[in-house]
Amino acid sequence: MASSTPPHYSLTAWKPYQNHPYPQRNHRQNPNHHHQHNNRRHRNNPKLAAAHKFALAKPPLPSPHNSGNAASATAAAAATAAATANDTEDPTFPSLPALNAPKSDLGPEFSGRRSTRFVSKMHPGRHKTNVGARRTSVADEALQHALRYGKDERGLQNVLLTFEPKLCGFGDYTFLLREFGNRSDHLKVVRCFEFAVRRVRRKNEQGKLASVTISILGKLKKVGLARSVFDTALREGYGNNVRAYSALISAYGHSGKSREAIKVFQTMKNSGLKPNLVTFNALIDAYGKGGVELDKVLQILDEMLKNGIQPDRITYNSLLAVCSRGGYLEAAKHWFDEMVYKGIDQDDVTYNTYIDALCKCGQLDSAIEIMSQMPAKNMVPNLVTHSTMVAGYAKAGRSDEALSIFNNMRFLGFKLDTISYNTLLKIHLELGDFQEVVDICKEMDDRGVPKDAGTYNALLAGYGKQKKYDGMTRVYKEMNAAQVCPNLLTYTTLIDLYSKAGLYREAMDAFKELKQAGLELDVVLYSALINALCKNASVDSAVSLLHEMTRVGISPNVVTYNSIIDALGRYMTAEADFGGSRPSCPMFIEDLTENKTADAKEDSRIMKYFGQLASERVGPSKKDSRGRQEILCILGVFKKMHELEIKPNVVTFSAILNACSRCNSFEDAAMLLEELCMFDNQVYGVAHGLLMGYREAMWVQALSLFDEVRHMDPETAPAFYNALTDMLWHFGQRRGAQLVVLEGKRRRVWDNVWSDSCLDLHLMSSGAARAMVHAWLLNIRSIVYEGRELPKLLSILTGWGKHSKVVGDGALRRAIEGLLTGLGAPFQLAKCNIGRFVSTGSVVATWLRESGTLKVLVLEDDRSHPTSGGIHKIPDLQTLAL
DNA sequence: GCCCAGTTCC
């Protein structure tokens with residue numbers, strides 16, 4: 001809860017300020033003292049010093065007025081009450097203070113499976129409304145004609161020429177530009193600019209037209225066009241001003257190109273212009289949208305302050321957006337509070353952005369709490385606030401509550417828009433409610449809510465992930481019929497899902513269309529291609545593509561590397577991949593930044609890969625044993641990530657553990673983990689320690705690591721626990737494996753794992769499931785020994801196993817069958833469900849009472865180094881299990 | 001005149 005936020009901030013998750021606590025709130029009573037203190041402390045670190053200067057800016061006068069509207073507070077209260085009622089934390093999942101656990105060193109990126117493509121979007125509703133624009137009535141008439149007769153270039157030209165004598169210069173042309181922008185018609189924007197700039201007299205007005213046009217094109221994500229307008233303006237002598245530069249920086253931001261944005265910023269300064277508040281705001285925003293690290297943003301803040309520019313509401317809003325996208329929760333809390341402290345008005349954007357940051361970090365209760373504070377500030381949670389909450393609950397896997405908020409939005413009479421419908425669609429698509437999906441689409445049509453690329457992308461992804469490829473193809477046709485222009489994400493989705501399905505022809509067609517549409521590949525698309533190659537063909541091709549993308553100037557990210565590591569762990573020994581002359585892996589990866597001179601033929605190369613995939617139709621050959629060579633490869637890739645400053649995350653960790661699980665050499669696996677401790681002792685230290693049998697000494701650190709994993713995506717956390725457990729189980733650390741899996745259960749990583757009558761192993765890896773079977777049977781045994789009766793029917797569900805496509809025919813079922821047979825446990829396959837093992841309570845009770853049963857159920861580690869009289873006592877099995 | 005919030009993706 002926000003209200004319980006301590007007056008000083010936890011520093012665990014936020015590296016830049018790791019050892020530099022924020023001043024406490026009550027420090028404001030004596031700011032000078034702390035100012036000096038902090039200056040002294042940060043003398044050798046200008047960045048931190050600046051951050052503190054920022055944090056300790058003079059307390060301002062109390063704000064006499066608030067922004068925001070004064071609409072019905074009743075509606076807000078109702079909304080809040082309804083939402084709060086939905087946010088009941090499960091009391092059986094207490095928070096875990098972890099005793100004396102050391103504070104974590106992990107950055108927010110560790111647990112993040114957050115998007116690594118940060119591109120902003122066009123919000124037609126957020127355009128300058130143009131309502132009060134200074135224009136003549138002729139402008140409206142011209143607009144109508146332009147829309148009707150200006151379908152092609154000549155038509156537009158004619159309309160403009162016709163109206164030219166009556167249009168009143170700058171005001172009217174700006175109006176037209178904005179209206180074309182509102183209709184996402186970038187060509188009209190450009191033509192109108194070209195026309196208008198020749199017809200206004202003063203350089204000043206030409207400059208205005210240019211910056212408005214650059215801004216509009218930027219928001220339409222036509223940064224190339226924005227750049228051309230800028231260059232033209234510069235060349236013709238009306239573009240060398242702060243506003244044009246700021247607009248261009250913003251335009252790069254809207255396309256997620258923060259590196260280009262900073263270049264423009266540099267150029268601007270080099271040409272003698274002094275960046276103003278708006279420039280800095282645009283740059284901070286571009287950083288947020290480009291997903292850069294927080295310390296780069298702090299550098300910009302530093303520079304801003306050094307130039308004597310004080311941050312305003314929009315600066316803070318942009319900073320909060322940086323936090324929301326990057327998961328910098330502590331920073332978000334700090335800046336949100338600091339706005340109050342400095343008397344900077346918080347508006348609905350502030351609240352919504354902050355609420356979004358909380359939601360993205362899984363802090364749903366805090367988000368609700370903040371939302372409930374809005375009415376007191378004369379703000380009503382609006383459509384965006386509610387959509388944010390819906391998405392937040394959906395992301396946390398709490399779709400019931402998400403849908404309930406959505407229903408409340410209907411009840412409150414919000415006019416639902418495309419984005420809120422898109423969010424709703426995604427939820428029903430994930431639930432597999434396809435009839436509901438169809439109904440919602442119809443409702444959108446009936447209510448005249450336009451479907452955008454986001455709608456279709458959600459539909460494509462939703463159908464594709466449920467393996468409904470016909471549905472996907474149908475949606476794509478509908479999208480074309482509705483003349484909604486596919487964007488890069490559309491093609492990424494198509495290529496990714498078709499490739500995963502082995503439908504390479506379709507994937508190749510999508511790729512061709514993408515090229516025809518003139519779109520440029522980005523890191524996400526490259527990563528999707530690399531992933532497809534890893535999963536379906538060869539690590540070797542994937543690595544060439546990795547070289548390729550680097551060469552054309554697209555930097556791989558953690559997701560790209562995770563695919564490679566995962567593939568190395570799985571398929572590295574497929575001999576065919578290397579044509580008999582396999583280079584040593586670390587070197588292979590090393591030359592990644594070399595070879596920049598080769599001709600750019602990436603398109604044809606990608607087509608060639610698709611061709612290979614489509615014609616060969618062979619999966620990678622699998623081999624059970626993994627050796628030193630592959631382990632060295634993974635180490636090499638990890639080092640490369642370190643060099644490139646790509647921070648590994650929990651997915652990387654899981655992939656490495658999975659590789660260890662497939663490695664037959666304990667020594668090699670232990671060596672890998674030990675080497676990796678040099679890069680990240682907390683994460684790999686725990687894995688290595690548990691593997692080596694230093695369980696008791698390790699457990700407190702392990703708990704602290706598990707705490708990090710707490711607020712992860714519903715799919716990421718199980719993958720982590722599965723991987724760690726599998727690795728331990730594989731190397732005979734079975735009691736350790738069991739402790740990990742029970743800790744996962746205690747933290748509700750898997751839903752409803754067990755009851756007295758049923759053990760549900762679905763979504764568990766084979767190691768996790770086997771460790772869990774032992775624990776569950778011991779639990780059942782304790783019931784028998786307490787003299788209580790067992791349920792009549794006992795079931796063990798293996799579901800469909802995590803990676804199996806056929807119901808009940810997964811590796812998991814076979815593993816469990818083998819385990820039960822080995823234990824002599826009297827379970828049989830259910831007749832009507834081949835993924836389910838059943839028995840009766842009485843038969844199982846009899847078996848549990850047999851003398852040898854306990855011995856086979858209790859797990860031991862192969863390697864154990866108990867700490868004599870250790871201070872960190874591990875809870876015993878029963879405590880954990882119950 | 002230039003700058004800020006919610007959806008779709010590896």
Side-chain angles (χ1 to χ4, degrees), chain A residues 113 115-117 119-121 123 126 128 170 174 204-205 207-215 218 241-251 253 276-286 288-289 312-322 324 347-357 359-360 382-392 394 417-427 429 452-462 487-497 500 522-532 556-560 562-563 651:
Chain A
R113 219 188 206 176
S115 168
T116 44
R117 170 157 58 190
V119 177
S120 68
K121 50 261 146 190
H123 291 272
R126 291 188 59 227
K128 299 218 166 156
F170 172 74
T174 312
N204 175 22
E205 291 193 334
K208 287 183 187 180
L209 281 172
S211 43
V212 168
T213 306
I214 293 164
S215 160
N241 60 69
V242 174
R243 289 185 162 100
Y245 273 99
S246 302
L248 187 62
I249 288 169
S250 169
N276 64 15
L277 176 63
V278 175
T279 318
F280 279 106
N281 288 349
L283 192 59
I284 290 169
D285 185 57
K289 290 184 169 112
D312 69 349
R313 173 176 50 79
I314 293 180
T315 318
Y316 277 97
N317 288 352
S318 300
L319 289 169
L320 288 171
V322 168
S324 154
D347 64 359
D348 47 356
V349 177
T350 315
Y351 269 83
N352 290 341
T353 313
Y354 185 46
I355 287 169
D356 188 47
C359 282
K360 293 235 160 69
N382 62 16
L383 183 66
V384 174
T385 325
H386 282 81
S387 303
T388 306
M389 291 306 308
V390 172
D417 65 356
T418 303
I419 293 183
S420 42
Y421 273 112
N422 291 353
T423 312
L424 179 67
L425 279 171
K426 191 198 171 195
I427 296 170
L429 284 160
D452 66 359
T455 318
Y456 289 103
N457 292 348
L459 290 168
L460 290 169
N487 59 22
L488 188 56
L489 209 55
T490 316
Y491 293 114
T492 307
T493 308
L494 288 171
I495 292 169
D496 179 46
L497 290 164
K500 281 181 177 150
D522 73 348
V523 58
V524 177
L525 185 45
Y526 266 107
S527 300
L529 291 169
I530 285 169
N531 192 43
N557 63 28
V558 65
V559 182
T560 327
N562 285 347
S563 287
V651 182

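Numbers restart at 1 for each chain; the letters A, B, ... are given by sequence-line order, proteins then strands. No experiment lies behind these values; they were computed from the predicted model shown.
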Side-chain-base donor-acceptor pair under 3.5 Å for [X] and [N]:
| X | N | value |
| --- | --- | --- |
| A:T388 | B:dG6 | no |
| A:D417 | B:dG6 | yes |
| A:S211 | B:dC2 | no |

Sequence neighbours excluded, the answer for side chain to side chain donor-acceptor pair (under 3.5 Å) partners of A:K208 is none
Shortest side-chain distance from [X], nucleotide among [options]:
| X | options | answer |
| --- | --- | --- |
| A:S318 | B:dG6, B:dG1, B:dC4 | B:dC4 |
| A:S387 | B:dG1, B:dG6, B:dA5 | B:dG6 |
| A:S250 | B:dC4, B:dC10, B:dG1 | B:dC4 |
| A:T423 | B:dC9, B:dT7, B:dC3 | B:dT7 |
| A:V212 | B:dC10, B:dC2, B:dA5 | B:dC2 |
| A:D496 | B:dC9, B:dC4, B:dG6 | B:dC9 |
| A:N276 | B:dG1, B:dC4, B:dC2 | B:dC2 |
| A:S527 | B:dC10, B:dC2, B:dC3 | B:dC10 |
| A:N281 | B:dC10, B:dA5, B:dC3 | B:dC3 |
| A:N241 | B:dG6, B:dA5, B:dG1 | B:dG1 |

Have a look at A:A244 and say if it touches a base, only the backbone sugar-phosphate, or nothing, with a 4.0 Å heavy-atom cut-off.
nothing
Base, sugar-phosphate, or nothing: which does A:G462 touch, judged by heavy atoms less than 4.0 Å apart?
nothing
Interatomic distance where [atom1] belongs to [X] and [atom2] belongs to [N] [whole Å]:
| X | N | atom1 | atom2 | value |
| --- | --- | --- | --- | --- |
| A:K289 | B:dA5 | NZ | P | 4 Å |
| A:F170 | B:dG1 | CZ | P | 6 Å |
| A:I355 | B:dA5 | CD1 | P | 15 Å |
| A:L248 | B:dG1 | CG | C1' | 15 Å |
| A:L529 | B:dC9 | CG | C1' | 13 Å |
| A:L488 | B:dC9 | CG | P | 13 Å |
| A:Y354 | B:dC4 | OH | C1' | 17 Å |
| A:R313 | B:dA5 | CZ | P | 12 Å |

Exam field: side chain A:T388 to backbone A:V384, donor-acceptor pair closer than 3.5 Å
yes
Determine whether a donor-acceptor pair (N or O, by modelled atom type, separation under 3.5 Å) exists between the side chain of A:S250 and the backbone of A:S246.
no
Compute whether any side-chain donor of one residue and acceptor of the other, for A:D496 and A:T493, lie under 3.5 angstrom apart.
no
Check this one for me: any side-chain N or O of [X] less than 4.0 Å away from OP1 or OP2 of [N]?
| X | N | answer |
| --- | --- | --- |
| A:T174 | B:dG1 | no |
| A:K500 | B:dC9 | no |
| A:K426 | B:dT8 | yes |

A:Y245 meets the ring pair (Phe, Tyr, Trp, His ring centres under 6.0 Å) criterion, sequence neighbours left out, with A:F230
Apply side-chain contact (heavy atoms from CB on, under 4.5 Å) to the pair A:V390 and A:L424, showing each step before the final yes or no.
CA-CA 8 Å; A:V390 172; A:L424 179 67; over 6 Å; no
